[in-house]
Amino acid sequence: MILFINACVRSDSRTKRLADALLSKLDGEVTELKLEDVDFKVTDEEFLKRRDSLLADKKFDDDSFALARQFAEADTIVIAAPYWDLSFPASLKHYIEHINAMGITFEYTPEGFPKPLCKANKLYYVMTAGGGLVPEEYGFGYIKELAQSFYGIKDVQLIKATGLDIVGADIEAIMSKAESDIRI
Ligand SMILES: Cc1cc2nc3c(=O)[nH]c(=O)nc-3n(C[C@H](O)[C@H](O)[C@H](O)COP(=O)(O)O)c2cc1C
């Protein structure tokens with residue numbers, strides 16, 4: 001199963017367009033999770049207490065861990081996220097707070113290092129950016145570190161189109177090139 005985590009917001013999203021071009025090249029059933037449609041609980045103290053208690057009791061089949069189980073069981077992960085404020089939309093961070101459940105997506109060794117529990121061996125991160133200054137460390141770089149260190153997904157690939165909001169940019173040319181550059 002390919003899990004498509006869709007953090008795009010706009011109805012004419014360029015990031016979604018690029019992600020669709022990638023998905024059309026991948027083999028396998030695609031399950032889309034549109035983050036905008038997920039009614040995330042606020043990660044407040046009550047939420048954390050309940051979660052800690054469920055995890056301590058190894059109640060991994062609780063409904064609140066459905067997203068974490070889905071992530072852990074996927075064969076391939078595709079994340080689509082527009083480049084926002086050097087990073088990505090808050091919905092994606094909220095999602096990560098929900099799937100980082102100890103005992104489901106990862107656990108810790110006695111020495112304090114994460115030990116991955118996920119099945120996937122490939123993660124694609126698809127993004128588009130408006131400008132030309134697009135450092136990767138707070139968006140793609142952060143997801144890559146999580147994927148490799150916590151989830152055990154070593155093969156992490158960035159697919160991107162940038163400069164889309166620069167005055168005079170040939171948006172169609174940039175997007176077409178990004179689509180034809182996709183290698184899976
Ligand atoms: C809230 C917000 C923050 C943004 N921050 C950045 C940014 O830091 N750097 C940049 O180059 N573009 C930024 N942009 C522009 C988007 O990255 C660009 O328009 C992108 O293609 C949007 O993707 P979409 O078409 O999938 O919505 C921002 C756009 C929005 C709405």
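All heavy atoms count here, side chains included; hydrogens, waters and symmetry mates do not. Both ligands and their constituent atoms are indexed starting at 1 by order of listing. When a residue number appears, it is its place in the shown sequence, counting from 1.
- Between K144 and E136 there is no salt bridge, since none of the side-chain N atoms of the basic residue sits less than 4.0 Å from a carboxylate O of the acidic one.
- Side-chain contact, Y124 with D155: no donor N or O sits under 3.5 Å from an acceptor N or O.
- Geometrically, ligand 1 and S13 share a nitrogen or oxygen pair separated by less than 3.5 Å.
- Of the candidates D12, I166, D165, D165 brings a heavy atom nearest to atom 18 (C) of ligand 1.
- For the pair G132 and ligand 1, the shortest N or O to N or O distance does not fall below 3.5 Å.
- Any N or O atom pair closer than 3.5 Å counts here, and T128 shares at least one such pair with ligand 1.
- In summary, D165 and R14 engage in a salt bridge, as defined by a charged side-chain N under 4.0 Å from a carboxylate O.
- Using the six-membered ring where Trp is involved, H94 and F40 have ring planes that are parallel, under 30° apart on the 30 and 60° scheme.
- Protein heavy atom in closest approach to atom 25 (O) of ligand 1: R10 NH2, 2.6 Å.
- Contact record, K93 with F88: N-CE1, 3.9 Å, taken as the closest heavy-atom pair.
- Every atom of ligand 1 with a heavy atom of L86 under 4.0 Å away is listed here by number and element: 8 (O).
- Salt-bridge check for E45 with K49: passed, with a basic side-chain N closer than 4.0 Å to an acidic carboxylate O.
- Of all protein heavy atoms, the one closest to atom 28 (C) of ligand 1 is Y83 O, 3.5 Å.
- Between E46 and K41 there is no salt bridge, since no side-chain N of the basic residue sits under 4.0 Å from a carboxylate O of the acidic one.
- E107 and K115 are joined by a salt bridge, as a carboxylate oxygen and a charged side-chain nitrogen come within less than 4.0 angstrom of each other.
- Neither the backbone nor the side chain of C8 comes within contact range of ligand 1; no heavy atom lies under 4.0 Å.
- In this structure, atom 11 (O) of ligand 1 lies nearest to the protein heavy atom G131 N, 2.7 Å.
- In terms of polar-atom proximity, defined here as any N/O pair under 3.5 Å, L133 makes no such contact with ligand 1.
- Residue, atom and distance of the protein heavy atom nearest to atom 31 (C) of ligand 1 are W84 NE1, 3.6 Å.
- For T15, heavy-atom contacts with ligand 1 shorter than 4.0 Å involve the backbone as well as the side chain.
- Interface atoms of ligand 1 facing G130, defined by a heavy-atom separation under 4.0 Å, are 10 (C), 11 (O), 12 (N), 15 (C), 16 (C), 17 (O), 18 (C).
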